[in-house]
Amino acid sequence: MKRFISLTLALLMVLGAMALTACKKNTEQKPTGTTNSSSQTEDPNISADERFDVPKQEIGRVMTALTYNSTIPEFGNDKDESGDSVNYTLVQRDNIVKEHLGIEMKVTSIEGQFGSMTSFIETVTNTVFGNVEAYDIIGAYCLIPVSLMVTGIIEDLNTVENVDFSKTWWSDFIHDAVTLNNKTYFMSGELSANLLYNMQIMLFNTGLLESYSDLTKNDLYSLVDNDEWTIDRFFEIASALSLPSDTVDAASKIYAIGMSDQNQLDSFYIASGLHLFEIQDGALTVSQDTNSNKVLSLLDKVKNAAYNSQILNVNGGTTGFKTNMEVFTIAAVKYVKTDFNEMKNIGLLPFPKYSEDDSYHTLLGNDHAEYFITSNVKNKAESGAFLETLAYAGSIQITPDVYYRIMKQQYSKDPASSRMFDIIRAGTTTEFGILSYNLFEGGNAPASMFRNAVLLKRDWVSYYKESFESPMTKVAGQLNAFFED
């Protein structure tokens, strides 16, 4: 009974924090690597069968999955006749799972993205505390799992039979970011196409670049290859563009740089190699980056661009780039499939790094899924087999079809552009400071700290001290206490 009360109180605290956060104005809303010069168009790890060791089974029942209505779905729809190539790949992946485990699959997809996180959390908790049967696995919007983790209702996946995070189909960068005290409560990897589609990158209009400068797309690719694609070089190029005069009316103004939404400003912080939290000696600590000269310098650079009349358009939106009103735009890869799918003159680049000595980093945007298992599933070993087989099947279906065929061939206009995808993917990153968003009360989540400092024109030192220093220390302590239990 005491455990039930404590878990209920923990859940109420999380939902209360989310309610306060939701009341904040738009600038407080959702927060949304190394070089590899390979230009391969086929997956070098496609022959993964010898490494897959979940035995073939005849479980003989319907296994259930709960997920959310994301832009890029998590599961296939075999009744979809649209011919969508990603859906086809997901159906093939799901068929591998069904055949290997001897199961049928029933997938429930509900609202659960940023604005619907509370209802998704309530759906999951009802399967634990209510009279609703538990789902065998759950793939949730990435800001949700930490909220459930701290209530104690989801399993440490390292203790679940058949789950093996040493396998290549699990994402090391996520595992390293969310594992403390050898405990991992949620994960993702090649089972999810959303990990590929939500990489935040730099797109550019090749025609406008050549019209307004002496540069070509190959000049930009050379900067990347030579480790010269830095924030300073990027803003230098943007400032030097010979754009039409800014005396024209606002509706027809052409900008050097746009962004699909204001959350893309977060990439400047993360892609510069800066951290919010770090894991040191097995404990989560507030990163010294939050109080460094580097972040002060970076903020000045971005503010100068944002409040120059034609360099960085901070209002956000996809229309400007789509209608040839922006030379560059910061966006997730998914926009190449959706909003920009009819554009013929797109080039793509990794996000610029802070200095030449750094590596390229790619922020994984928030419309991606993290998978977990609740503590009351019917059979944990079977849920583990379901999850592991789904990830394995993703490595032989999603990665070859979506990454190597669709992204590196269809979305890439030439071999150099294709090679950029390898650099982008190799640098993908996230961290607890982003994924623990819902633990922060009153909208003081550090994931949006840099973005809001730009949009609100705040001084970094005072803004950090008054709004984030204490909440970050508190949440780090809360998470450390949880993982020590």
Exercise. Look up atom CG in Asn69 and atom CD in Glu111, then write down how far apart they are to the nearest 0.5 Å.
Key: 4.5 Å
Quiz item: Per the salt bridge (charged side-chain N to carboxylate O under 4.0 Å, His left out) rule, which among Asp227, Asp358, Asp232 passes with Lys353?
Solution: Asp227
Quiz item: Is it true that the side chains of Ser70 and Gln113 contain a donor and an acceptor less than 3.5 Å apart?
Solution: no
Quiz item: Is a side-chain N or O of Asp94 found less than 3.5 angstrom from the main chain of Gly76, in a donor-acceptor match?
Solution: yes
Self-check item: Gln288, CD atom: more than 12 neighbouring heavy atoms under 6.0 Å
Solution: no
Exercise. Could you walk me through whether Ser82 and Asp80 pass the side chain to side chain donor-acceptor pair (under 3.5 Å) test, one step at a time?
Key: CA-CA 6 Å; Ser82 67; Asp80 184 351; 2.8 Å; yes
Quiz item: For the residue pair Leu349 and Met420, what are the closest heavy atoms and their distance?
Solution: CD2-SD, 4.2 Å
Practice problem: Test side chain to side chain contact (heavy atoms under 4.5 Å, CB included) on Asn205 and Met343 and set out the steps. | Solution: CA-CA 9 Å; Asn205 184 312; Met343 295 182 68; 4.1 Å; yes
Exercise. Measure the shortest side-chain to side-chain distance between Met202 and Ile330 over non-hydrogen atoms and say whether it is less than 4.5 angstrom.
Key: yes
Quiz item: Just wondering, do Asn313 and Lys253 contact through their side chains at under 4.5 Å, heavy atoms?
Solution: no
Exercise. Could you walk me through whether Val333 and Leu196 pass side chain to side chain contact (heavy atoms under 4.5 Å, CB included), step by step?
Key: CA-CA 7 Å; Val333 175; Leu196 298 171; over 6 Å; no
Self-check item: Gap separating the CZ atom of Phe234 from the CZ atom of Phe204, nearest 0.5 angstrom
Solution: 11.0 Å
Quiz item: Does Phe328 reach the side chain of Leu208, with side-chain heavy atoms less than 4.5 Å apart?
Solution: no
Quiz item: Has Lys301 got its NZ or CZ under 6.0 Å from the middle of the six-membered ring of Phe235, at an angle within 45 degrees of the ring axis?
Solution: no
Quiz prompt | Residues, nucleotides or ligands: over 12 heavy atoms within 6.0 Å of Lys294 NZ | solution = yes
Practice problem: Measure the spacing between CG of Leu363 and CD1 of Ile201 and express it to the nearest 0.5 Å. | Solution: 12.5 Å
Exercise. Indicate yes or no for a side-chain donor-acceptor contact from Ser417 to the backbone of Gly347 under 3.5 Å, with no hydrogens or angles considered.
Key: no
Exercise. Test side chain to side chain donor-acceptor pair (under 3.5 Å) on Glu74 and Ser192 and set out the steps.
Key: CA-CA 6 Å; Glu74 285 296 310; Ser192 176; 2.9 Å; yes
Quiz prompt | Arg93 bridged to Asp401 by N-O distance under 4.0 Å | solution = no
Exercise. Please report the closest heavy-atom contact between Thr71 and Pro73, naming both atoms and the distance.
Key: O-CD, 3.7 Å
Exercise. Any chance you could lay out the ring-ring contact (aromatic ring centres under 6.0 Å, His included) test for Phe321 and Phe340, step after step, and finish with the verdict?
Key: CA-CA 8 Å; Phe321 189 68; Phe340 308 144; 5.1 Å; yes
Practice problem: Verify, without hydrogens or angle tests, whether Ser260 (side chain) and Thr318 (backbone) share a donor-acceptor contact under 3.5 angstrom. | Solution: no
Quiz item: Side chains of Leu479 and Met149: does their closest heavy-atom pair fall under 4.5 Å?
Solution: yes
Practice problem: For the residue pair Tyr411 and Ile346, establish whether any side-chain heavy-atom pair is separated by less than 4.5 Å. | Solution: no
Practice problem: Would you check, one step at a time, whether the test side chain to side chain donor-acceptor pair (under 3.5 Å) holds for Tyr403 with Asp422? | Solution: CA-CA 10 Å; Tyr403 181 67; Asp422 292 326; 2.7 Å; yes
Quiz prompt | Sub-4.5 Å side-chain heavy-atom contact between Arg419 and Asp225 | solution = yes
Quiz item: Is a side-chain donor-acceptor pair under 3.5 Å present for Thr179 with Thr184?
Solution: yes
Quiz item: Is the Phe268 ring parallel, tilted or perpendicular to the Phe351 ring (thresholds 30°, 60°)?
Solution: perpendicular
Exercise. Search all heavy atoms of Val124 against all heavy atoms of Leu148 and return the closest pair with its distance.
Key: CG1-CD1, 3.9 Å
Practice problem: Spell out, as yes or no, whether a donor-acceptor pair under 3.5 Å connects the side chain of Tyr307 to the backbone of Val454. | Solution: yes
Quiz item: Closest approach of Trp229 and Leu220, non-hydrogen atoms and distance?
Solution: CZ3-CD2, 4.3 Å
Practice problem: Considering only NZ, NE, NH1 and NH2 on the basic side and carboxylate oxygens on the acidic side, decide whether Asp84 and Lys337 come within less than 4.0 Å. | Solution: yes
Quiz item: Stepwise, does the ring-ring contact (aromatic ring centres under 6.0 Å, His included) test hold for Phe372 with Tyr185?
Solution: CA-CA 6 Å; Phe372 57 89; Tyr185 289 88; over 10 Å; no
Practice problem: Specify whether Tyr392 and Phe52 have parallel, tilted or perpendicular ring planes, treating 30° as the upper limit for parallel and 60° as the lower limit for perpendicular. | Solution: parallel
Quiz item: If you measure from CG on Asp136 to CD1 on Ile103, what distance do you get to the nearest 0.5 Å?
Solution: 8.0 Å
Practice problem: Grab the two heavy atoms, one from Thr430 and one from Ala177, that are nearest each other, plus how far apart they are. | Solution: O-CB, 3.7 Å
Quiz prompt | Derivation of the side chain to side chain contact (heavy atoms under 4.5 Å, CB included) call for Leu195 and Ile398 | solution = CA-CA 11 Å; Leu195 256 66; Ile398 292 176; over 6 Å; no
Quiz item: What orientation do Phe75 and Tyr371 show, parallel under 30°, tilted 30 to 60°, or perpendicular over 60°?
Solution: perpendicular
Quiz item: In Å and rounded to the nearest 0.5 Å, what is the OG1 to CD distance from Thr389 to Glu99?
Solution: 10.5 Å
Quiz item: Is Ser287 reaching over with its side chain to a backbone N or O of Glu278, donor-acceptor style, under 3.5 angstrom?
Solution: no
Quiz item: So, the side chain of Asn304 versus the backbone of Asp300: is there a donor-acceptor pair under 3.5 Å, distance only?
Solution: yes
Practice problem: Apply the test side chain to side chain contact (heavy atoms under 4.5 Å, CB included) to residues Thr362 and Arg425: give CA-CA distance (whole Å), side-chain angles for both, the deciding distance (0.1 Å), then the verdict. | Solution: CA-CA 7 Å; Thr362 302; Arg425 186 185 181 207; over 6 Å; no
Quiz item: Does the Lys334 side chain pair with the main chain of Tyr197, one donor and one acceptor, at a distance under 3.5 Å?
Solution: no
Self-check item: Between Thr89 and Gln397, a side-chain donor and acceptor under 3.5 Å
Solution: no
Exercise. May I ask you to test the Tyr212-Ile254 pair for a side-chain heavy-atom distance under 4.5 Å?
Key: yes
Quiz item: Relative to each other, are the rings of Phe277 and Phe440 parallel, tilted or perpendicular (30° and 60° limits)?
Solution: parallel
Quiz item: Minimum heavy-atom separation for Met259 to Gln264, with atom names?
Solution: CB-CB, 3.9 Å
Self-check item: Asn345 side chain to Thr206 backbone, donor-acceptor under 3.5 Å
Solution: no
Practice problem: Hey, can you tell me if Phe165 and Trp170 have their rings parallel, tilted or perpendicular (30° and 60° cut-offs)? | Solution: perpendicular
Practice problem: Would you check if the side chain of Asn198 reaches a backbone N or O of Asp367 as a donor-acceptor pair within less than 3.5 Å? | Solution: yes
Practice problem: Count the heavy atoms of every other residue, nucleotide or ligand shown that sit under 6.0 Å from CD of Glu236, and state whether that count exceeds 12. | Solution: yes
Practice problem: For the residue pair Pro350 and Val224, establish whether any side-chain heavy-atom pair is separated by less than 4.5 Å. | Solution: yes
Practice problem: Keeping the roles fixed (side chain from Ser297, backbone from Asn293), state whether a donor-acceptor pair exists under 3.5 Å. | Solution: no
